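Letters A, B, ... mirror the listed sequences (proteins, then strands); counts begin at 1. Everything quoted here is computed from the prediction, not taken from an experiment.
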There are 2 protein chains.
Amino acid sequence: MADSRTSRGSAKRDRLVAAAVRTFHEQGVEKTRLADIAEAAGVPLGNVYYYFKTKDQLVEAALGSHAGALAAHLAALDALPAPADRLKALVQGWIDQSDVAARFGCPTGTLASELDKRTDGLDRAAADTMRPLLDWLESQFRALGRPDDARDLAVALLSAYQGASLLTNTFRDPALLETEGRRLQSWIDTLARPTPPGA
Amino acid sequence: MADSRTSRGSAKRDRLVAAAVRTFHEQGVEKTRLADIAEAAGVPLGNVYYYFKTKDQLVEAALGSHAGALAAHLAALDALPAPADRLKALVQGWIDQSDVAARFGCPTGTLASELDKRTDGLDRAAADTMRPLLDWLESQFRALGRPDDARDLAVALLSAYQGASLLTNTFRDPALLETEGRRLQSWIDTLARPTPPGA
DNA sequence: GTCTATAGTTTGATAGAC
DNA sequence: GTCTATCAAACTATAGAC
């Protein structure tokens with residue numbers, strides 16, 4: 001029968017990756033045991049090793065999943081005609097996820113923060129996952145008529161989100177991210193005109 | 001001879017706390033073994049348990065150390081006459097630490113991010129460490145003539161720093177935090193006048 | 001390809017001599 | 001108060017039957 005194989009593996013492999021993404025987000029990489037992922041995916045522990053030789057390979061697969069979801073989301077936003085609307089829609093997505101952020105933080109950000117502590121090759125992988133978003137933001141600010149400081153504004157916007165996610169998580173208060181998100185949306189509106197960047 | 005006892009213990013205990021703060025920052029809590037802290041403090045492993053019954057007690061002590069250092073720093077900033085100068089001096093301190101942030105992130109922020117993943121009591125302790133800073137920021141914005149949105153501006157400023165630290169760490173690039181810090185300093189300057197918040 | 005059982009390590013914590 | 005030796009639990013990873 002027609003199974004749902006991807007280019008890299010089976011449906012069971014996909015279940016394992018999805019379970020890894022979810023469990024790493026909720027518990028962190030270090031506190032997550034392979035048995036947790038196996039259980040979440042409904043797969044016996046020993047069988048995990050048929051698809052992933054090491055725990056690190058599951059971390060890499062989780063990063064790849066994040067990168068794919070991000071690329072798909074940005075492609076959807078590109079359908080909007082105005083760059084300011086694209087940026088504000090992105091921020092709206094963050095606001096809509098504020099409850100998740102309050103409980104577990106930003107999925108990509110908390111993963112990056114944890115991987116940054118490592119000294120093996122995986123500490124640079126987080127940067128590769130986040131760079132496309134930063135590049136996309138920069139291109140939007142450029143289209144918005146801010147070619148000179150587009151990169152700085154991209155860093156400022158992504159920083160504001162990552163920091164607000166951290167505070168929202170630490171204080172378990174979704175309102176922090178919601179308020180900051182609305183502030184960022186009106187800040188984006190002011191940027192179309194050549195006024196100093198602000199919020 | 002006169003030893004340097006604190007209210008809670010001996011000089012050796014202080015060395016252990018200092019080593020814990022440093023090692024947790026550089027390696028993260030989960031990846032740090034008690035043997036790492038013992039070695040960094042020059043104390044045999046078994047002796048650690050005379051001062052701290054569990055690893056979690058060392059985490060609590062590290063949080064307390066962060067809280068104390070923060071309180072001392074804010075008290076020093078209070079000597080400055082103008083609230084805008086206090087805020088900009090705080091940001092300057094962040095800029096001056098950008099090299100450390102590039103390598104290990106914000107000491108308090110990365111610790112909070114990691115503790116947020118826990119479900120025991122320690123996940124709320126990070127909030128207690130960060131709240132005094134948020135309260136201090138709020139009082140500064142209030143003194144700056146922004147009583148209505150002082151709390152939101154405090155969240156915005158601390159978020160910007162925490163997020164910039166995360167990006168700086170992820171991309172191993174101190175320039176990100178430096179540029180964002182300067183942007184925040186000029187943003188603070190614009191806030192004294194009743195213009196919309198921005199940077 | 002799938003799964004059970006278990007080997008091999010690591011590590012938090014303790015016992016007990018000094 | 002200090003330190004060595006070691007236990008017990010947890011966890012990654014593998015062997016090998018099916």
Answer yes when [X] and [Y] have at least one side-chain N-carboxylate O distance shorter than 4.0 Å, and no when they do not.
X	Y	value
B:Glu138	B:Arg142	yes
A:Lys88	A:Asp189	yes
B:Arg172	B:Asp99	no

Measure [atom1]/[X] against [atom2]/[N] and give the value in whole Å, please.
X	N	atom1	atom2	value
B:Asp36	C:dT10	CG	P	13 Å
A:Leu16	C:dC3	CG	P	11 Å
A:Asn47	C:dT6	CG	C1'	17 Å

>> I want to check one thing: is the phosphate of C:dG1, taken as OP1 and OP2, less than 4.0 Å away from some side-chain N or O of A:Lys12?
In response: no
> Below 4.0 angstrom from OP1 or OP2 of C:dG1, is there any side-chain N or O of A:Tyr51?
Replying inline: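 Answer is no, no contact under 4.0 Å.
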>> For a quick check, with a 4.0 angstrom heavy-atom cut-off, what is the B/S/- contact string for nucleotides 11-18 of chain D, read 5' to 3'?
In response: SSBB----
> Touch check for B:Phe52, heavy atoms < 4.0 angstrom, all strands: base, sugar-phosphate only, or nothing?
Replying inline: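 The residue B:Phe52 makes no contact with any strand.
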> Among pairs that include at least one residue of residues 59-81 of chain B, which meet ring-ring contact (aromatic ring centres under 6.0 Å, His included), considering only residues two or more places apart or in two chains?
Replying inline: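 Not a single pair qualifies under ring-ring contact (aromatic ring centres under 6.0 Å, His included).
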> Do the side chain of B:Glu180 and the main chain of B:Leu176 share a donor and acceptor less than 3.5 angstrom apart?
Replying inline: no
> Just checking, is any N or O donor in the side chain of B:Gln162 or A:Gln162 under 3.5 Å from an acceptor N or O on the other one?
Replying inline: no
